[in-house]
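Just so it is clear, the structure is predicted and the values come from calculations on it, not from any experiment.
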Amino acid sequence: TAVIAAILCLVTSLAWAHGKATGIVRERMDQMVVLKDAMKLLKAELTNGENYDATAVLSAAKKIEDHSGDALTVKFPEGSLTKHSEALPNVWKDPDRFADLAQEMGRLAGNLTASVEAGVPNVSANKGVFAWLSGDSDEAAPNELMSPFDTFGAIANTCRDCHEDFRSE
């Protein structure tokens, strides 16, 4: 529910702000729309259990991966906080955390691709996925793949964390 509310707030505010923004601020807003659309597609596909369009999920994951990390942080150069920007000054006060979240989003998108390609079941119970991966029900090692659904949730949490710290509402 919180993720859906955050996405709705983002859509509403982006629609208003986009009409006035120019330059790098407009570019990063457009980039956020790409990320929002990819997340919307992933939500629609991955909440249907095993019946999802893997090609669509892989395409959305690639968009997220391509628009994360350095591709995202480069859109926030010093001095680009304008009245039309929804970025908070925290982007420039805590650039390491901002960059870490941007990198994490890309890493998780890559993990989503890997889990879909590996055929990891799209279930929300971690132990079920981990049992499938390891052949038993023991706790998973940190490098094991999560289900596509759980990976989507982790990406959404990263988005939420970034918006809470670095985006004005």
Side-chain angles (χ1 to χ4, degrees), residues 2-47 52-118 120 122 145-169:
V3 172
I4 293 170
I7 290 172
L8 288 175
C9 288
L10 177 65
V11 171
T12 303
S13 58
L14 282 178
W16 180 84
H18 274 202
K20 305 279 185 184
T22 60
I24 194 75
V25 174
R26 176 64 183 241
E27 288 177 30
R28 70 180 177 231
M29 287 179 165
D30 290 344
Q31 187 162 340
M32 292 297 180
V33 169
V34 171
L35 292 168
K36 173 198 63 89
D37 289 347
M39 289 298 288
K40 185 177 176 180
L41 183 141
L42 290 175
K43 181 183 180 297
E45 289 295 332
L46 296 175
T47 55
Y52 66 89
D53 180 346
T55 302
V57 169
L58 291 170
S59 175
K62 174 108 175 86
K63 285 180 184 177
I64 292 170
E65 191 170 13
D66 289 349
H67 289 84
S68 298
D70 294 340
L72 180 61
T73 58
V74 73
K75 300 291 185 183
F76 291 84
E78 190 72 40
S80 64
L81 182 62
T82 69
K83 68 180 181 177
H84 301 296
S85 174
E86 294 181 352
L88 292 172
N90 295 348
V91 169
W92 299 277
K93 290 179 184 174
D94 193 358
D96 291 339
R97 174 150 167 74
F98 182 67
D100 287 348
L101 289 168
Q103 292 295 331
E104 178 70 357
M105 185 169 57
R107 184 189 70 75
L108 289 166
N111 286 356
L112 177 57
T113 296
S115 69
V116 170
E117 289 175 344
V120 175
N122 189 39
L145 296 173
M146 295 187 297
S147 74
F149 180 84
D150 287 339
T151 306
F152 163 72
I155 295 169
N157 287 339
T158 302
C159 294
R160 181 202 65 221
D161 291 347
C162 192
H163 286 189
E164 285 177 356
D165 292 349
F166 300 108
R167 180 179 170 265
S168 65
E169 294 295 330

Please tell me if the side chains of [X] and [Y] come closer than 4.5 Å, counting only heavy atoms from C-beta onward.
X     : Y      : answer
Ile24 : Pro77  : yes
Asp94 : Asp165 : no
His67 : Leu72  : no
Asp30 : Lys75  : no
Asp70 : Gln103 : yes
Ile64 : Leu112 : no

On a heavy-atom basis, which atom in [X] and which in [Y] lie closest, and how many Å separate them?
X      : Y      : result
Met105 : Ile155 : CG-CG2, 4.2 Å
Ala118 : Leu145 : CB-CD1, 4.1 Å
Cys162 : Leu101 : CA-CD1, 3.7 Å
Phe149 : Asn122 : N-OD1, 2.7 Å
Leu42  : Phe152 : CB-CD1, 3.6 Å
Asn90  : Phe166 : O-CE2, 3.2 Å

Working to the nearest 0.5 angstrom, can you tell me the gap between [X] [atom1] and [Y] [atom2]?
X      : Y      : atom1 : atom2 : answer
Thr158 : Arg160 : OG1   : CZ    : 8.5 Å
Arg28  : Glu86  : CZ    : CD    : 10.0 Å
Ser85  : Lys20  : OG    : NZ    : 16.0 Å

Residues Asp161, Arg97; criterion side-chain contact (heavy atoms from CB on, under 4.5 Å); working and verdict: CA-CA 10 Å; Asp161 291 347; Arg97 174 150 167 74; 4.0 Å; yes
Going by the angle between their ring planes, with limits at 30° and 60°, are Phe98 and Phe76 parallel, tilted or perpendicular?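 Ring orientation of Phe98 relative to Phe76: perpendicular.
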Salt bridge (Lys or Arg N to Asp or Glu O under 4.0 Å): pairs with one or both residues in residues 103-113, sequence neighbours excluded: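 For residues 103-113: Glu104-Arg107.
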Could you note down all residue pairs passing salt bridge (Lys or Arg N to Asp or Glu O under 4.0 Å) where residues 53-63 supplies at least one of them, sequence neighbours left out?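 Counting only pairs at least two positions apart or across chains, the salt bridge (Lys or Arg N to Asp or Glu O under 4.0 Å) contacts touching residues 53-63 are Lys62-Asp66.
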